[in-house]
Amino acid sequence: MANLSPAPILGGYDKSLPDVRLIERSGLALVSLAIPLGGEAAATQAIRAAFGLDLPAPGMSAAGKAHRLIRTGPDQALLMFDNNTANAQPAVRAALNGACYTTMQTDAWVVLAVSGPGTRRALERICPLDLHDSAFAVDAAGRTVMEHMSALILREGDDSFLLLSASSSARSFLHAVETSITHTS
Amino acid sequence: MIIDHPLLGPRDAAEFVYKGDAALIDRPDWQAEDAADKFHEYMYLRDNVAGEMAELWYHEHGDRSWLVVTRNTLTHKITSVELARDVARRRGRGK
Amino acid sequence: MTRPNRLNPGLTDRARPLNFSFNGRNMMGYQGDTLASALLANGQRLIARSFKYHRPRGVFSAGSEEPNALVQLRRGAALEPNTRATVAELFDGLHATSQNHRGSLEFDIMAVNDLLAPFLSAGFYYKTFMWPKAFWEKLYEPVIRASAGLGRLSLQPDPDVYDHGYLHCDLLVIGAGPAGLSAALAAGRAKARVIVADEDFRPGGRLNSETYEVDAIPGHDWAARAWAELLAMDNVRCMTRTSVFGAFDHGIFGALERRTDHLANSGGKPRQVLWRIYSRRSVLCAGATERPIAFANNDRPGVMLAGAVRAYSNRFGVTPGQRVAVFTNNDDGRRTAADLSALGVAVTGIVDTRLDEFIVDTTGRKELKTVLTNAGRRIEADCLAVSGGWSPNVHLTCHQRGRPTWRDDIAAFVPGPDLPPGMAVAGAANGAMTLAAALAEGRAAANAAVRDLGFAPSRKPVPRAEDEAFDIKPFWHVKGHKRAWVDLQNDVTAKDIRQSHLEGFRAVEHLKRYTTLGMATDQGKTANVLGLALMAEASGKTIPETGTTIFRPPCTPVPIGAFAGRARGRDFRPVRRTPSHAWAQENGADFVETGIWLRAQWFRHPGEKGWRDSVDREVTQTRRSVGICDVTTLGKIDVQGRDAAEFLNKIYANAFAGLPVGKVRYGLMLREDGICHDDGTTARLGETHFVMTTTTANAATVFRNMEFARQCLWPDLDVHLISTTDAWAQFAVAGPNARALLAKVVDDLDLSNAAFPFMACAECTVCGGTPARLFRISFSGELAYEIAVPARYGDAMIRALMAAGKEFAVVPYGTEALGVMRIEKGHAAGNELNGQTTAAQLGLGRMVSKKKDGIGSTLSERPEMNRDDDLRLVGFQPVDPSDALNAGAHFIEINDETPDMHSDLGWMTSVAHSPELGHSIGLGFLKRGADRMGDILRAYDPVRGKDTRVRVVATHHIDPEGERQRG
């Protein structure tokens, strides 16, 4: 049989409006790390050794050279890095050598990158979280609900955010974000 | 309402799912002599508190933590929020 | 056209004239006008007809409290009835019409109701239309509905869009009058994050309508400068046209921002935005609302609140009349006369109750002509400015059960001690009725709030202003026999309130419901205190003893469209699509909503006459060769950890700890009360790694319950959960050729029955290296597998499977064929797992392990849930194979003539047409079902008028020994 080729969920969506750019960030691997009970120290050490990152505090992410680690729960984190193959999770599992349980999550999420000076004004229409500098600094990350869809929002820069939501409802999520941008542009 | 998550700070109650009395943590011992009676009480007999009550809330659109929220059912004033896992351990739950 | 009422530009912009029409008459106003001010400038005094009596009515106020001047704006689908002309901002091309009349506004034939007034007093519905009973629906109600009421809806879909949003601040300042501006300036200068919201399009509140000075400049100029300073602060968000309508728990406020209502064309942008504002502290600076005095015929066009007369003349440069009289019980009324005289308007008389003079009647049908006083004075007036004092706008202080308290010195209710947490009140809303006091209170409240939050308050002094004279002597109504209006919008008179008292409806909440006082769209903002005063007087109590009704949000009308926001039509809720959605669309799928998932229901082929043709073909071909179905929607949960097996042992009713790696087991989940919750299969991929599936419907609740068990019940188990539903595209491949088909796509895995038997599972690759998971499980009863690949390969996978299956004439099948095959096979699904059924009823009683502790196992042993004479799931076939069965039919004995609760033996849960058997089949719950194999019963269905003879059979309609799935 011929090899299967992957398809980006939103077909590589990319749209620029006067002061907001919205793109589908495809090609990102997402691997969930679960920290074994009683294995926090070992997990922290293994993560540092493998990716050069400290486990961030709840509500935060940490960015290294090639990886970003998002704390998603008390005993859970999400590792994000550029890798478009289906073998990202086995590689992470091997690198951590049992210090964390790993789960492939690349395909569970759609990742939208929204940036530009109009970004926060648009996000006000769907995001219940306070995105002000004092409450949501660069590298902050939080899960919440937008237009009835669970979402993870991460601040990459002053005016740039990543929005993650379930891949099965990716079109509805894109529509919600697009609508917020057009309503405020 | 706003629930002040012990790890994540204030979050809108819309991110949470409500379960009920935190006494649901105290699941009876299935091997006890009176297990059937105890489970009956556990399942069906609840106090309907007009005042401060410890409740279970689940951060479904968040970090998936179960929380014990102490809330006044008359005023909605919340006096404490803890991770339910910590509360459960304190109440003697383990494996 | 001359507009004799236009005195000067006021705060309107003469350089920007605006054309508009009212009832087809073309008129002109200016930028900065409201519809009401522009109508008054054009001499239009008659604007509406009253709710019940169809009395002529004109503009009464200059704000959101307006009871009279309700009009319809725009036309066609955009028609908006019941809009207050006093808050409708004028724009070029505005099309306005009056409402609630038959015939013209001037000659409303329904005005005959006014002559019938003696029969239409409080409670008249309850008394008059009691008999004969049958007349209510057919005659009385339609007539009442046609004659009483407000505007009419367009009955077309709303063409506008609406939105929601979320805002956060340290301090929310509600109102941008003197107190609000002072508060916002103080908090803004202290660098707190501030939101200041005002319902008007021009900030300043009463400063725009009075002739006060602040910091030695005109008050409206000071307000404009203050606003400019606030706009320049990046820590302050300034919101005009924004009504804060509700104070909710923990500092959350609801606010409606009107974004494009003042524009002729919205440009596709949301008309209104409903904001949820999260505040740490709030200062309510909502000001006060003036109230009238009740006297005979006090509802004629031209009778207005005194503050409104000053607003029209000072702010809009429009006098509401050429000969204005004043009727007051306080100093404000006197200021009205002074302001008008300064503008050159004739003031024809001042009637001050403090001097024991009051108005006993008025004349003028469609506009006021004269007023008569008890002193025998007859004053010519086309406008009467009335002031009965001011009521602080306490509504938002009461949204969390707070009760206002009465202050005799200002004859008004002020906020009580139980304010919503975090809220302070300042200015007129707090009973500080004079300017300097309002400015000082606003600043003090904001400084206290920001200090509390850790900011250093600004040292800038409070703006300088003087306290105007404010003396009031309560005077509520002029006694007399003629009708004196209390609630103008609902046509409630002083007599109605007396009558309510006489008939025993004395508690304020009863008074409200019996007379409808305060129940109109204005919520009695100008009427309530007056009504309470009248009730107090009738019952010999004080006003505070009489009390107030409870204030509930919203305190100002909010359109339903704004609450709905975007949630309309297809945007009502999100849609989830399976990875093969695009492929299914290309191949003729009809989709069905299962929860929020869209799933292929069947695949229509050319020439097929109906869905049954498609479904029968899909089932037949699957059972004959091979079929493929997207089953991605089933919930998938990754369960990992040292104690994962032990954890699953507790979650499922049956044992899981001993499941070997590489095997799948069917699991039954109970609720703690012993009732079945969900079922599915769980595969063990490694010592510490399981993959669970749940039903599509229960995916979220099962995950939630498992997290509860993990965190709250057994917190020391090392187990971790993560949903992988969306991560994997999963396809069922079923039928005798399933193995042969899969052998073509699966790399290097021995699929022989010996190497990969029924209930085996493995991680593998497909199509030359794509990671996959293969499970040998069967819902259809055939030799079947489920193959999962990362979701982004799902589209490629379905195409590869279909290509590989071509030589077997593979068919895709939808949810309907899936359902047919599971009924043929006797598997329980949602119709059977309906939240009321036990494991015993499903025939799975022996699965519930008694050797271990599992959720629900203890309570599932209760005797009542294990009775031998209880319902059991069994199969049914029609005695006459040409009969079609019906789900929902109830079973009764064949000789039972009287179907009722006592003869009821159970019900049919699922039915399908079995292409293999060639007739209808069913599953259902039947009392003592297991003992009744072969019996014939009646399946009685009075709802559909059917009564069918059925034979009780085993649930497995086909392949009872399971040879196919094991083959």
Side-chain angles (χ1 to χ4, degrees), chain B residues 1-4 10-14 16-20 22-32 34-44 56-68 71-72 74-78 82-95, chain C residues 164 166 168 248-252 276-280 400-402 418 420-422 642-643 646-647 649-650 671-675 700-701 703-723 849-863 865:
Chain B
M1 291 203 300
I2 291 172
I3 293 172
D4 196 0
R11 294 299 192 105
D12 195 305
F16 294 81
V17 172
Y18 178 76
K19 186 171 177 84
L24 285 166
I25 289 173
D26 303 318
R27 188 171 180 273
D29 175 7
W30 70 292
Q31 289 174 309
D34 55 353
D37 290 340
K38 287 285 188 244
F39 267 95
H40 173 83
E41 288 173 26
Y42 171 74
M43 196 64 224
Y44 299 109
L56 285 161
W57 291 74
Y58 175 56
H59 200 194
E60 180 144 287
H61 297 295
D63 72 348
R64 313 289 170 103
S65 283
W66 277 92
L67 304 179
V68 174
R71 182 178 69 108
N72 187 312
L74 295 175
T75 64
H76 295 183
K77 184 176 181 180
I78 292 172
E82 293 179 90
L83 291 177
R85 181 172 239 167
D86 296 342
V87 175
R89 284 187 178 129
R90 214 162 59 221
R91 291 199 202 172
R93 299 209 68 87
K95 287 198 173 189
Chain C
H164 288 181
Y166 307 86
H168 303 259
F248 303 97
D249 290 308
H250 306 153
I252 300 176
R276 180 182 286 223
I277 300 177
Y278 300 89
S279 70
R280 297 168 74 195
Q400 285 161 46
R401 308 287 295 187
D418 296 324
R642 297 186 300 273
D643 301 315
E646 176 56 26
F647 179 72
N649 232 14
K650 296 177 186 299
R671 306 191 310 222
E672 194 66 272
D673 65 1
I675 297 288
T701 43
F703 191 93
R704 187 186 304 154
N705 291 346
M706 285 168 68
E707 280 290 3
F708 176 75
R710 180 178 93 94
Q711 296 176 39
C712 299
L713 301 181
W714 298 289
D716 288 341
L717 289 180
D718 178 46
V719 62
H720 303 267
L721 310 174
I722 188 156
S723 168
S849 167
K850 294 181 175 16
K851 296 191 193 114
K852 66 172 183 75
D853 184 16
I855 302 271
S857 54
T858 302
L859 290 181
S860 74
E861 289 175 32
R862 287 180 284 176
M865 292 165 70

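Quick note on labels: first sequence line is chain A, next is B, and so on, each numbered from 1. Values below: every heavy atom of this structure, side chains too, minus hydrogens, waters and symmetry copies. This is a predicted model, so every value here is computed, not measured.
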Checking [X] against chain B: side chain, backbone, both or neither under 4.5 Å from a heavy atom?
X: C:Leu717; value: both
X: C:Asp643; value: side chain
X: C:Arg401; value: neither
X: C:Ile252; value: side chain
X: C:Arg276; value: side chain

Mind ranking [options] by heavy-atom pairs under 4.5 Å with chain B and telling me who comes out on top?
options: C:Gln400, C:Glu646, C:Lys852, C:Lys650; value: C:Lys852
options: C:Arg704, C:Glu861, C:Glu707; value: C:Arg704
options: C:Phe703, C:Phe647, C:Phe248; value: C:Phe703

State which residues pass ring pair (Phe, Tyr, Trp, His ring centres under 6.0 Å) with C:Tyr278; sequence neighbours excluded, sorted by chain then number.
C:His168

Under 3.5 Å: donor-acceptor pair, side chain of C:His250, backbone of B:Ile2:
yes

So, the side chain of C:Gln711 versus the backbone of B:Leu83: is there a donor-acceptor pair under 3.5 Å, distance only?
no

Side chains of C:Thr858 and B:His40: does their closest heavy-atom pair fall under 4.5 Å?
no

Answer whether the closest heavy-atom distance between the side chains of B:Leu24 and C:Cys712 falls below 4.5 Å.
no

Under 4.5 Å from any heavy atom of chain C - which part of [X]:
X: B:Lys38; value: neither
X: B:Val87; value: neither
X: B:Phe39; value: both
X: B:Met43; value: side chain

Can you list every pair that meets side chain to side chain donor-acceptor pair (under 3.5 Å) and has a residue in residues 86-95 of chain B, with sequence neighbours left out?
B:Asp26-B:Arg91, B:Glu82-B:Arg90, B:Arg89-C:Asp716

For B:Arg27 and C:Trp714, which heavy atoms make the closest approach, and how far apart are they?
NH1-CZ2, 3.6 Å

Please report the shortest heavy-atom distance between B:Trp30 and C:Lys850, naming the atom on each side.
CZ3-O, 3.8 Å

Would you mind telling me which of B:Ala35, B:Ala36, B:Ser65 has the largest number of heavy-atom pairs within less than 4.5 Å of chain C?
B:Ser65

